[in-house]
Amino acid sequence: MTSPRSNFLKAVVERGYLHQCTDMDALDDSMGKGTISAYIGFDATADSLHAGSLVPIMLLRLLQKSGHKPIVLMGGGTTRVGDPSGKDESRQLLTEEKIEENLAGIKRVFSKFLTFGDGPTDAVMVNNADWLMGLNYIDFLRDYGRHFSVNRMLGFESVKMRLEREQPLSFLEFNYMILQAYDFMELSRRNGCVLQMGGSDQWGNIVNGIDLTRRVDEKQLFGLTVPLLTTASGAKMGKTAGGAVWLNEDKLPSYDYWQYWRNTEDADVGKFLRLFTELPIEEIERLEKLEGAEINEAKKVLAHEATKLCHGEEAALRAAETAQKTFEQGAFGGDLPSIEIDRGELEGGIGLLDALTRAGLTATNGEARRFVQQSAVKVNDEKVDDPRAQLNTAMLNAEGIIKLSVGKKKHALVKLT
RNA sequence: GGUGGGAUGCCCGAGUGGCUAAAGGGGGCGGACUGUAAAUCCGCUGGCUAUGCCUACGUUGGUUCGAAUCCAACUCCCACCA
């Protein structure tokens, strides 16, 4: 493969987005000739996307910046079936109302990363429920079912894995790849889409769509996959203490989002800067060369750039300021989570355990008790190891705030109403 | 439809009448060490108005002083046979 000439593919290779591509040279040619449309499909299994979906999202953004048209395919129809790829067990089927609700939440995420509209390179969002729900079973089987070889489908990784491990695979799920293949063909017909991208676990599904369209419409389509990311120490991307790293502000405050990137493992910094920021490569090469404690500077840049894309520059600066005050000056910043308490209530004294739980630092009083006993709890940066301790007005600082901490990283503020 | 096997805490998985809030592992969290990193070591890991109480071993009943453990019915899953 010669090195690509189109802006998009050049960047894809350079920044580490490429895992596999069906026909790099031919795709490069088409992209050089003019604007193309490409799509990525997203499940509607939750009401927000999380950091695990960020690579494909960034890929669509890069596509748009390179002068092409991104199509976001919402799996309103296929989510009703459930993708078996990469999963041991069938997924719980979601109700229709829940799926609709999830679609609405996910739409808000994309508006941050892509420009939607009617222009030639404006992004569009489509929902495969629009064409899948109306399919007639017998017609579908006769028109398209005959192009799928079961023999071949059994060889696909997603299916093979289930069969080898003797995990049940229902006929419903077995049909997922057929529906996704049909999606690709449908999008090529409706929107002139010629490229489907996705995670490396989608390779089989993508290739199926290309094959189907070649057989039925005699059209050449392309597929390109991105690597499925794990951190250098093997953990799945996008998981953290409190659960998933959501991209919607209402599910994960921008301060916590910033912290997630700030805590990136050393070995991942360069990779993440390439994938999740839009800094020039030369700048990234400079940053990833930093060693020892200096690499923290690179992590701050990563946190800033990533947060800026998702939540805006202002939120990123706010998070950085709070982090600086909290971690580097031993004070606290206004972006920390906070709870408000009535003065009268505080005068009467509030149990420490109760306060920790109300502030969201602990899930239950029992957990709070354990933390206190493990001397992990601080009030105004003073260690407290008596579970019966009370908060009172004497603890308020000059600004009328009490700072609570659990461990080194979790902090919250108690303010008066 | 028949026969056999299974369902345990976030996950995997021991446990076959009291010593079981349930071994062990994973994951997660806290502490030490550091650089808000990794690795390593130590500890914690059902809830509560807390020397006690409540909830929990698929569901519902039963036997027993006492059940995750025994019995019955039911639900779901798996395997083999038809």
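Residue numbering restarts at 1 for every chain, and letters A, B, ... go by the order of the sequence lines.
A donor-acceptor pair shorter than 3.5 Å cannot be found between the side chains of A/Thr213 and A/Ser188. A/Gln180 and A/Gln196 are linked by a side-chain donor-acceptor pair at a separation below 3.5 angstrom, with hydrogens and angles left out of the test. Side chains of A/Asp256 and A/Gln259: a donor-acceptor N/O pair is absent below 3.5 angstrom, by distance only.
At a threshold of 4.0 angstrom between heavy atoms, the contacts of A/Gln259 include nucleobase atoms, whether or not backbone atoms are also involved. Within the 4.0 angstrom heavy-atom criterion, base atoms lie near A/Ala323. Among the atoms of the strands shown, none is found under 4.0 Å from any heavy atom of A/Thr326. Nucleic acid contact for A/Phe327: base, since at least one base atom lies under 4.0 Å from a heavy atom of the residue.
Residues passing the side chain to side chain donor-acceptor pair (under 3.5 Å) test with A/Asn208, sequence neighbours excluded: none.
A gap of 38 Å separates the C1' atoms of B/rU49 and B/rC41, to the nearest Å. With C1' as the reference atom, B/rC70 and B/rC65 are 16 Å apart, rounded to whole Å. Distance check on atom C1': B/rG6 versus B/rC12 gives 15 Å, rounded to whole Å. B/rU55 and B/rA68 are spaced 14 Å apart, taking the C1' atom of each and rounding to whole Å. Nucleotides B/rU59 and B/rU40 place their P atoms 39 Å apart, quoted to the nearest Å. The separation of B/rC29 from B/rA38, taken at their P atoms, amounts to 10 Å, rounded to a whole angstrom. Spacing of C1' atoms, B/rA67 relative to B/rC19, comes out at 15 Å, to the nearest Å. Comparing B/rU20 with B/rG15, their C1' atoms sit 9 Å apart, to the nearest whole Å.
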Checklist entry - Which letters describe nucleotides 46-56 of chain B, given B = protein heavy atom under 4.0 Å from base, S = only from sugar-phosphate, - = neither? => result -SSSB------

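With A/Asp266 as the fixed residue, the side-chain contact (heavy atoms from CB on, under 4.5 Å) test singles out one of A/Ile295, A/Asn296, A/Leu290: A/Ile295.
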Checklist entry - Which dot-bracket notation, 5' to 3', represents the base pairing of RNA chain B when pairs are defined as Watson-Crick or G-U with both distances under 3.5 Å, crossing pairs as [ ], and inter-strand pairs as |? => result ((((((((.[[[..)..(.....]]]((((((.......))))))(((...)))...[[[[[..)....]]]]]))))))).

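The A/Asp266 side chain lies nearest to B/rA37 when the options are B/rG31, B/rA37, B/rC44. Listed nucleotides B/rA37, B/rU36, B/rG43 differ in distance to A/Glu265; the shortest reach to its side chain belongs to B/rA37. You'll find that the side chain of A/Trp258 is closest to B/rU36, out of B/rU36, B/rA37, B/rG30.
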Item to check | Verdict with supporting geometry, A/Asn397 and A/Asn380, side chain to side chain contact (heavy atoms under 4.5 Å, CB included) | outcome: CA-CA 8 Å; A/Asn397 71 0; A/Asn380 293 331; 5.5 Å; no

Next on the checklist: Apply side chain to side chain donor-acceptor pair (under 3.5 Å) to residues A/Ser200 and A/Thr225 and explain how you reach the verdict.
Outcome noted: CA-CA 5 Å; A/Ser200 56; A/Thr225 56; 5.8 Å; no

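A/Tyr39 has its ring centre less than 6.0 Å from the ring centre of A/Phe184.
Protein atom CG of A/Leu361 is 15 Å distant from nucleotide atom P of B/rC29, rounded to whole Å. The separation between A/Gln373 atom CD and B/rG30 atom C1' is 12 Å, rounded to whole Å.
Rounding to the nearest 0.5 Å places CG of A/Leu336 at 7.5 Å from NZ of A/Lys403.
A residue-by-residue look at A/Lys383 and A/Arg262 shows that A/Lys383 has its nearest nucleotide of RNA chain B further toward the 5' end.
A/Trp261 and A/Phe276 have tilted rings, their planes meeting at an angle from 30° to 60° on a 0 to 90° scale.
Contacts between residues 287-307 of chain A and RNA chain B, defined by a heavy-atom separation below 4.0 Å, involve A/Gly292, A/Ala293, A/Ile295, A/Asn296, A/Lys299, listed by number. The stretch residues 405-415 of chain A touches RNA chain B through A/Gly407, A/Lys408, A/Lys409, A/Lys410, each having a heavy atom within less than 4.0 Å of the strand.
Residue pairs meeting the salt bridge (charged side-chain N to carboxylate O under 4.0 Å, His left out) criterion with at least one partner in residues 407-417 of chain A, sequence neighbours excluded, do not occur; the list is empty.
Between the side chain of A/Thr326 and the main chain of A/Ala323, no donor-acceptor pair closer than 3.5 Å is present. One N or O on the side chain of A/Arg15 and one on the backbone of A/Thr277 form a donor-acceptor pair closer than 3.5 Å. In this structure, the side chain of A/Asp335 does not engage the main chain of A/Thr322 through any donor-acceptor pair within 3.5 Å.
No side-chain heavy atom of A/Leu404 sits under 4.5 Å from any side-chain heavy atom of A/Lys378.
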